[in-house]
Number of protein chains: 2
Amino acid sequence: MRIWKLVVCIFLSPGLLIAQTPQPVQTAPAKTAEPAPFAPELVRNLEALRDAALGSDYAYHQLAFLTENIGPRPTGSPQADAAAKYVAQTLRAAGLNAKLEEVTVPHWVRGAETAELVAWPDQTPGTKQKIVVTALGGSTATPADGLTAEVVVVNNFEELKELGKDKVSGKIVFFNEKFDVQKASAGHWDGAYDEAVQFRALGAKAAAELGAAASLVRSVGGADYRLPHTGYSAPAGIPAGAVAAEDAETIAHLARQGPVKMRLTLTPQLLPDVTGYNVVADLKGSEHPEEVVIVSGHLDSWDLGTGAIDDGAGVVIAMGAAQLMKELHLQPKRTIRVIAWMNEETGSRGGKAYAKAREAEAAQHIAAIESDLGAGHPLGFDAKVSPSAILMLKPMAKVLAPIGANIMRLSADDVGADITPLATLGVPTFGEMQDGRVYFNYHHTPADTLDKVVPRELRENVAAMAVLAFTLAELPEKLPR
Amino acid sequence: MRIWKLVVCIFLSPGLLIAQTPQPVQTAPAKTAEPAPFAPELVRNLEALRDAALGSDYAYHQLAFLTENIGPRPTGSPQADAAAKYVAQTLRAAGLNAKLEEVTVPHWVRGAETAELVAWPDQTPGTKQKIVVTALGGSTATPADGLTAEVVVVNNFEELKELGKDKVSGKIVFFNEKFDVQKASAGHWDGAYDEAVQFRALGAKAAAELGAAASLVRSVGGADYRLPHTGYSAPAGIPAGAVAAEDAETIAHLARQGPVKMRLTLTPQLLPDVTGYNVVADLKGSEHPEEVVIVSGHLDSWDLGTGAIDDGAGVVIAMGAAQLMKELHLQPKRTIRVIAWMNEETGSRGGKAYAKAREAEAAQHIAAIESDLGAGHPLGFDAKVSPSAILMLKPMAKVLAPIGANIMRLSADDVGADITPLATLGVPTFGEMQDGRVYFNYHHTPADTLDKVVPRELRENVAAMAVLAFTLAELPEKLPR
């Protein structure tokens, strides 16, 4: 999630990134303004959608198929293609007009990934210590039998800069920035993620500039179960990996005592671009079919887990929202468009291609919603919209209050990687806001699997997405920009 | 921990094992009995030991060296030998009379361990699914390039028996018994462990009897971070492994839909026996040097993690208890003997050898204490002793109450694998009782590492061990049997 922002930030200095944590700029419009009430029929329909969603496991069944029968869906893989076809076919069966739209996507594939300490203070002769490592997307390969070098531990970019070329050249730079679990637990998971992820995204480039042989980061995420967290790293021409938190501690402790040497083997490959697919499926509007409200998630996942929370959940939440409208025979006035985006994790090519092809239709895109923060209990939405749009939607909060999903937080930052190109064209965008306190424990790890999704919470997410989308498709006025 | 009980139970039928969960047989002596009060000087000394322990990180520093500088210490490894030498040397430096006692130990070494599903319902053509697996100690090897067979899912021994030879022969049997996390969280971690571990210990034998090609179990332990839990499995002549809970779910879900085939590669080796070492270090008694109170933990660990909680903690708790007595110049009347046992995890050869060599001195072993349930906050002790011994120790509870370690639970079951051979000789035995609610999340996994130990809780454990040991070494009367 949210990788796009980091990609566009690559050309900023790392120091500047620290200030990029999203901040709500305003939480409510001026006190005097009162929104127009919703028509009673709309309220009844929204309540019906909400209640039906809370009783439906349609989305969960789709998620089980995507994660267990198909499995991991990295961009460029046969599973990603199979998933696109499955989603299109399933939405067709639900009565939507679904098509696959081709997108040229990158094709990075993981190879071997092992690491071991081969020298450290008070080492028992003849022994090594295993280090749990995973390659970051964008990493280049070490030689097939690995590279061996001393590890230089730094806690931030400033410390790296202070060391300079002399002390970094030929070494493995290790960024030991800790993910702030307390911040995440206190409701600021985005802040915790943003301040740690800069090293994953930009560390390899900074290390390469000083001649490092490779770059490693402490895994960006909570939990303490010796799991590596993968993710995107700006291509830097050197191998780039992430080690588990426990290994980070060991390396840092030993390096304080004396020189530590590591053998690192990462053999990923960047293959030629291939064709992937966005799934675009319409539930045609009855009065303004040319006006579109997007509900979406991204279909590609990382390859370590099966992408249940990142972001199979987002896809099936969107599928579930549209399927329920069909099931309840609620044809919206505007078109509801389900999109399962391709390639969020390593470049958001799907989101970019869609927006580029629709530049002329931007004004007819009433809004775009994405869910890409897992499947936890929904709290509401982050909205990159005008304050008057927030006002217009205010009556909807009553429908969502019973499930606790009634927060509508105005955001100055982008709210979903795949819909950001649309936001750039002026389209109002919404990001479903889940309870993310443990999301980053599992994010981008082998443990992102179906069992992490609580069926009840997934149903609540479908309810929230359906209610917002149907509201946007039904209100007499278009959402103001 | 507690593997020894399982080993001696191997010849019982699996069904019988279900009843083996440890039960407190009595929690207090008869109401009318009142213990003799402790001498005021003893109480003062116990309080001084307790308070000094709460202010000392001696044990933590030893644990850091054992886990980070030495690393994993599987039986038969250079690290296990190095650890024995380190403990002996460190205790000598603390003023104890330490020696290494040779023990012939088994030497099982892990090899490659990979698994993948190669066929399942609605599989995307050309894809496989990775299964996280680890070999169990005692496993034999598959061919170097693996074996491929259909997976048969059973939930218990009865289901396996019902299937019979026809449906099991040539297949990979998968025991999908779930570790009862709620039971563990509610304070019954031993019960949760015992009811699941029987499949790890005896599943391969039961499967082999019906001609299975291999045996897998769902990992015995809590947590949901895609971690495999290793452990001992009675040698059955077939490969035996454990899969992560997530993979267990996937296999079970897919197998309900149709045939599931797996390729399994496990290449461990059972090498010839080697010489290992128990560390035996005495703090000589001033009045009855021939009477011995043992404080102990086991020095060998599994190889996946660094054995911080299982059981580096037990070793350093015992070391810390003795070191503090030296530091406070508290020479006990009886001898306090620190023992770091070798080979608890795969046969308890250290504990057995020690007891066998001391059969004639059993009566002079006043008591033996072991800590082998991690480093969590101590609640007190499990005691396999006579009810009158419990009564005699009652005044000690007042000293331990301020740190909450004042439970003394009479147990009909053995209370520590390494001291069970002494219990068989009639020696009263005590097991330090830690808060074990999350212990089995990490037990036998790659995540059993130093960061799981909270320094304050480790100090409390040293306090509890020191107070009990010093009491046993000082009371005017020997502990009744």
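Just so it is clear: chains get the letters A, B, ... in the order the sequence lines come, proteins before strands, and each one is counted from 1. Just so you know, these numbers use all the heavy atoms, side chains as well, and skip hydrogens, waters and symmetry mates.
Smallest separation of non-hydrogen atoms from B/Ala308 and B/Leu63: O-CD1, 3.9 Å. Across A/Val279 and A/Ala84, no two heavy atoms sit closer than the pair CG2-O, 3.4 Å. A/Ala88 approaches A/Leu100 most closely through the heavy-atom pair CB-CD2, 3.9 Å. Among all heavy-atom pairs drawn from B/Ala255 and B/Val153, the shortest one is CB-CG2, 3.7 Å. Shortest non-hydrogen contact noted between B/Ala248 and B/Phe174 is CB-CZ, 3.4 Å. Across all non-hydrogen atoms, the minimal contact from B/Pro228 to B/Ala242 is CB-O, 4.0 Å.
For chain A, the nearby parts of B/Ile70 are the backbone and the side chain; heavy atoms of each come within less than 4.5 Å. Using a 4.5 Å cut-off between heavy atoms, B/Leu304 contacts chain A through its backbone alone, with no side-chain atom that close.
Your options are B/Pro446, B/Gly305, B/Ala82, and the one with the most heavy-atom pairs under 4.5 Å with chain A is B/Pro446. Ranked by heavy-atom pairs under 4.5 Å with chain B, the first of A/Pro121, A/Gly71, A/Gly126 is A/Pro121.
Each of A/Val118, A/Val133, A/Ile251 was evaluated against A/Met262; a single residue qualifies, A/Ile251, per the side chain to side chain contact (heavy atoms under 4.5 Å, CB included) test.
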Produce the donor-acceptor pair table for chain B versus chain A, cut-off under 3.5 Å.
unit_1: B/Glu68; atom_1: O; unit_2: A/Gln129; atom_2: NE2; d: 2.6
unit_1: B/Glu68; atom_1: OE1; unit_2: A/His253; atom_2: ND1; d: 2.8
unit_1: B/Glu68; atom_1: OE2; unit_2: A/His253; atom_2: ND1; d: 2.9
unit_1: B/Asn69; atom_1: O; unit_2: A/Trp120; atom_2: NE1; d: 2.8
unit_1: B/Asn69; atom_1: ND2; unit_2: A/Pro121; atom_2: O; d: 3.0
unit_1: B/Asn69; atom_1: ND2; unit_2: A/Gln257; atom_2: OE1; d: 2.9
unit_1: B/Trp120; atom_1: NE1; unit_2: A/Asn69; atom_2: O; d: 2.8
unit_1: B/Pro121; atom_1: O; unit_2: A/Asn69; atom_2: ND2; d: 3.0
unit_1: B/Gln129; atom_1: NE2; unit_2: A/Glu68; atom_2: O; d: 2.6
unit_1: B/Asp224; atom_1: O; unit_2: A/Lys452; atom_2: NZ; d: 3.4
unit_1: B/Asp224; atom_1: OD1; unit_2: A/Tyr442; atom_2: OH; d: 2.8
unit_1: B/Asp224; atom_1: OD2; unit_2: A/Tyr442; atom_2: OH; d: 3.3
unit_1: B/Tyr225; atom_1: OH; unit_2: A/Asn441; atom_2: ND2; d: 3.1
unit_1: B/Tyr225; atom_1: OH; unit_2: A/Tyr442; atom_2: OH; d: 3.2
unit_1: B/Arg226; atom_1: NH1; unit_2: A/Leu304; atom_2: O; d: 3.4
unit_1: B/Arg226; atom_1: NH1; unit_2: A/Pro446; atom_2: O; d: 2.9
unit_1: B/Glu246; atom_1: OE2; unit_2: A/Lys452; atom_2: NZ; d: 2.8
unit_1: B/His253; atom_1: ND1; unit_2: A/Glu68; atom_2: OE1; d: 2.8
unit_1: B/His253; atom_1: ND1; unit_2: A/Glu68; atom_2: OE2; d: 3.0
unit_1: B/Gln257; atom_1: OE1; unit_2: A/Asn69; atom_2: ND2; d: 2.9
unit_1: B/Leu304; atom_1: O; unit_2: A/Arg226; atom_2: NH1; d: 3.4
unit_1: B/Asn441; atom_1: ND2; unit_2: A/Tyr225; atom_2: OH; d: 3.0
unit_1: B/Tyr442; atom_1: OH; unit_2: A/Asp224; atom_2: OD1; d: 2.7
unit_1: B/Tyr442; atom_1: OH; unit_2: A/Asp224; atom_2: OD2; d: 3.3
unit_1: B/Tyr442; atom_1: OH; unit_2: A/Tyr225; atom_2: OH; d: 3.2
unit_1: B/Pro446; atom_1: O; unit_2: A/Arg226; atom_2: NH1; d: 2.9
unit_1: B/Lys452; atom_1: NZ; unit_2: A/Asp224; atom_2: O; d: 3.4
unit_1: B/Lys452; atom_1: NZ; unit_2: A/Glu246; atom_2: OE2; d: 2.8

Verdict with reasoning, B/Val217 to B/Leu136, per side chain to side chain contact (heavy atoms under 4.5 Å, CB included): CA-CA 10 Å; B/Val217 293; B/Leu136 296 175; 4.3 Å; yes
